[in-house]
Chemist: 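Sharing a structure here in structure tokens format.
Proteins get letters first, then strands, A, B, ... in listed order; numbering begins at 1 in each.
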Amino acid sequence: MDATGQGHERLEDIGARKIMTTQGKKLVVWGIPWDVGDQGLREQMWQFGELADAMQMKDHASGRSRGFGYVTYASSEDAEKALSAQHIINGGMLQVKVARSKGRNGPNT
DNA sequence: GTTGAGCGTT
């Protein structure tokens, strides 16, 4: 039995790789009603293009919806399409912008 | 039971 213990680093490498490949395709969705969940957001954005990933941020104390979420499109053209398109949910208009990096000094660099 | 125009989780 060889105990290299490097099988865990592979998964982190894929995660880091995802950040590099999702740059410019990660969009942040604002204006989400407090009654809308992550799947509601996913279904709403799926109409504009295939989503590589979608998650909605909620309060860690109560678990309530924060009113915003992140959406990653499988293609940059679909991301721009969603940026240029308008989203209506529950009779409200959602705002889609390009998401920034979470652990970097700036959105670009 | 509430609120808003802002960027997350190692």
Side-chain angles (χ1 to χ4, degrees):
Chain A
M1 304 69 122
D2 294 323
T4 48
Q6 290 183 352
H8 185 70
E9 293 182 352
R10 282 242 178 123
L11 295 177
E12 290 186 352
D13 187 37
I14 295 176
R17 190 56 161 226
K18 192 174 184 180
I19 301 291
M20 297 239 281
T21 199
T22 50
Q23 192 157 108
K25 296 175 225 173
K26 198 106 169 193
L27 309 179
V28 51
V29 184
W30 296 90
I32 306 178
W34 326 107
D35 300 336
V36 177
D38 50 339
Q39 32 188 322
L41 179 65
R42 179 191 298 175
E43 288 290 301
Q44 180 66 26
M45 305 303 289
W46 176 270
Q47 301 171 94
F48 292 87
E50 184 177 352
L51 304 179
D53 202 359
M55 33 183 149
Q56 196 223 13
M57 294 284 114
K58 30 191 169 171
D59 186 50
H60 190 253
S62 185
R64 225 183 286 178
S65 166
R66 275 194 184 175
F68 87 100
Y70 289 95
V71 177
T72 309
Y73 279 89
S75 186
S76 58
E77 50 186 284
D78 288 338
E80 289 189 42
K81 188 189 303 179
L83 282 168
S84 185
Q86 289 203 314
H87 316 281
I88 308 292
I89 183 170
N90 285 17
M93 304 173 76
L94 304 182
Q95 294 186 359
V96 184
K97 302 180 188 179
V98 183
R100 297 175 168 181
S101 312
K102 66 170 151 176
R104 295 292 174 182
N105 276 332
N108 186 17
T109 302

Chemist: Nearest whole Å is fine: how far is B:dT10 C1' from A:Tyr70 OH?
Modeler: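 Atom-to-atom, A:Tyr70 to B:dT10, this comes out as 15 Å.
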Chemist: Once you apply a heavy-atom cut-off of 4.0 Å, does A:Ile32 come out as touching a base, just sugar-phosphate, or nothing?
Modeler: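 Result for A:Ile32 = base.
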Chemist: Mind checking who shares a hydrophobic cluster with A:Met57, ILVMFWY linked at side-chain heavy-atom distances under 4.5 Å?
Modeler: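 Members other than A:Met57 - counting any ILVMFWY side chain reachable under 4.5 Å - are A:Val28, A:Trp30, A:Met55, A:Phe68, A:Tyr70.
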Chemist: Between P on B:dG4 and CG on A:Asp35, what's the gap in Å once rounded to a whole number?
Modeler: 15 Å
Chemist: Would you call A:Trp30 stacked on B:dA5, i.e. ring centres under 5.5 Å apart with the planes less than 30° off parallel?
Modeler: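 So no, this residue does not stack on that base, at least one cut-off failing.
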Chemist: Output the single nucleotide from B:dG8, B:dT3, B:dC7 whose closest atom is nearest the side chain of A:Trp34.
Modeler: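 Minimum distance to the A:Trp34 side chain belongs to B:dT3.
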Chemist: Which nucleotide, B:dA5, B:dC7, B:dT9, lies nearest any side-chain atom of A:Met55?
Modeler: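 It is B:dT9.
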Chemist: At what distance, to the nearest 0.5 angstrom, does CE of A:Met45 lie from CD1 of A:Ile89?
Modeler: 10.0 Å
Chemist: Give me each pair satisfying ring-ring contact (aromatic ring centres under 6.0 Å, His included) with a member in residues 44-64 of chain A, each pair once, sequence neighbours excluded.
Modeler: A:Phe48-A:His87
Chemist: NA contact type, A:Gly69, heavy-atom cut-off 4.0 Å: base, sugar-phosphate, or nothing?
Modeler: nothing
Chemist: Decide yes or no, distance alone: a donor-acceptor N/O pair under 3.5 angstrom between the base of B:dT2 and the side-chain of A:Arg64.
Modeler: yes
Chemist: Determine if A:Phe68 stacks with B:dC7; use a centre-to-centre distance below 5.5 Å and an interplanar angle below 30° as the criteria.
Modeler: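 No.
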Chemist: Using a cut-off of 6.0 Å, state whether more than 12 heavy atoms not belonging to A:Gln47 lie near its atom CD.
Modeler: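 Enclosed.
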Chemist: Which residues in residues 37-49 of chain A have a heavy atom closer than 4.0 Å to any atom of DNA chain B?
Modeler: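 Close to the strand, none.
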Chemist: Base, sugar-phosphate, or nothing for A:Val71, non-hydrogen atoms under 4.0 angstrom?
Modeler: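 A:Val71: no heavy atom of the nucleic acid under 4.0 Å.
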